[in-house]
Amino acid sequence: MVYLDNAATTKPCEQACEAVMKGLETFGNPSSLHRAGLEAELLVSEARECVADALGCSADEIYFTSGATESNNTAVFGAFKAQGKRKHRAVTTTVEHPAVAKPFDELEKLGCEVIRVSPDENGRFSAKDIFDAVNDDTFLVSAMLVNNETGAVLPVQKAFSMIKKKYPSVITHCDCVQGFMKTPVSVKKLCADMISVSGHKIYAPKGIGVLYIRKGLHIPAYLLGGGQEKGMRSGTESVPLICGFGAAVKMLKDNIPANLAKVRELESYLFEKCRENGEITVNYSGEDKLPYVNSISVKDLKSEVLLHFLEERGVYVSSGSACSKGKKSGVLQEFKIPARDLDTTIRVSFSVNSQKSDVDAFIAAVEEAQKKLARLR
Ligand code: PLP
């Protein structure tokens, strides 16, 4: 199998699988006061330390969730509950994942003034545009670090630092799902009050995520119950998944620059092959992009048709974003990808284990499709 859909999900690494097994065997409830409970609690604490270390924060600022969707919902609705009664404006971007975009739609229904900042005519974001959308009546700014459809890196660090200087009480939230453990993410540098990350994008299992909440920021609890996660997120902790998450973070922690350099080479190789082909357009490239996620369009070949042709040859990619399930992506339009290329866009996303031979297999299968498949008119 040539798996090039790592922005959708990654294959869990060996370390994560072993840690999940250990978490299953250590079956006590972390809330129990006996030894079995303490052993489970110890594993959860170790994983929490690992994630905190990777984000440059303290362990008690880390809250385990069921994934980034829950983290994002908790952050957006939590900020609203914390401040949205006094202030009315909430700022986000037009290219967010639905797990942020849809909660913002809800804020609008709840009476908030929602400002969605767009990229410029070249599909590039400016920190100043995000900053300019904030005013004295703003309670929340949420912007993603890396876009899941194009790999674009948004100027969040610059925007948040400008915002915090002028409006210190505005809550800043960043969906770091596609950037975490691929590029260094530091809560301090990012000037973020809250950060969402997900396990299954970084070789850990599905169903586990983290929400970082800066100490001192009071966000009301999203799930009420037994008071786990310091009352923020009730429900018995999923010890196995938490262990898997911690192990994956540990595996990646010291290798972020080396992995980035390796994947950057793969990106260059892919783009070179696209250019050589002559009928494959690279939709987004440049300095402000992570090489892990790549959006390309194959002239006159409809995405879904190509996707299934490739699948039959053991090559797995996605059309636009996996989450949009074949729907035409509004996000790609926001990035100013020409209308003619929208129907023919596919996403090729690398893991740290991807190889040049994967790119070769992908290009060979696309070239076969170019010869055999009926073209769009
Ligand atoms: N945010 C971004 C940028 C994503 O790419 C995804 C998943 O594709 C999510 C949030 C949702 O993450 P999860 O699957 O952990 O709920």
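Here, residue 1 is the first one in the sequence, and each next residue gets the next number. Atoms within a ligand are numbered from 1 in the order they appear, just like the ligands themselves.
No side-chain heavy atom of Leu373 sits under 4.5 Å from any side-chain heavy atom of Lys302.
Heavy-atom proximity to Gly67, at under 4.0 Å, picks out these atoms of ligand 1: 15 (O). Atoms of ligand 1 found under 4.0 Å from any heavy atom of Ser198 (numbered from 1 in listed order, with element): 13 (P), 15 (O). Counting atoms of ligand 1 from 1 in the listed order, those under 4.0 Å from a heavy atom of Asn148 are 3 (C), 5 (O). Those atoms of ligand 1 that come under 4.0 Å of a heavy atom in Met144, given as number and element, are 3 (C). In the vicinity of Asp175, heavy-atom distances shorter than 4.0 Å reach the ligand 1 atoms 1 (N), 2 (C), 3 (C), 10 (C).
His200 counts as a contact of ligand 1, since one of its heavy atoms falls under 4.0 Å from the ligand. For the ligand labelled ligand 1, residue Lys201 lies inside the 4.0 Å heavy-atom shell.
No donor-acceptor distance shorter than 3.5 angstrom exists from the side chain of Thr150 to the backbone of Asn147, with no hydrogens or angles considered. A donor-acceptor pair under 3.5 Å is absent between the side-chain atoms of Ser32 and the main chain of His34, judged by distance alone.
Every residue two or more places apart in sequence or in another chain was checked for a salt bridge (Lys or Arg N to Asp or Glu O under 4.0 Å) with Glu237, and none qualifies. Under the ring pair (Phe, Tyr, Trp, His ring centres under 6.0 Å) criterion, Phe335 pairs with Tyr284, not counting sequence neighbours.
Residue contacts with ligand 1: Val177 is placed with no nitrogen or oxygen under 3.5 Å of a nitrogen or oxygen of the ligand (distance criterion only).
Taking the six-membered ring where tryptophan is involved, the planes of Phe245 and Phe64 are perpendicular, since the angle between them exceeds 60° and thus also 30°.
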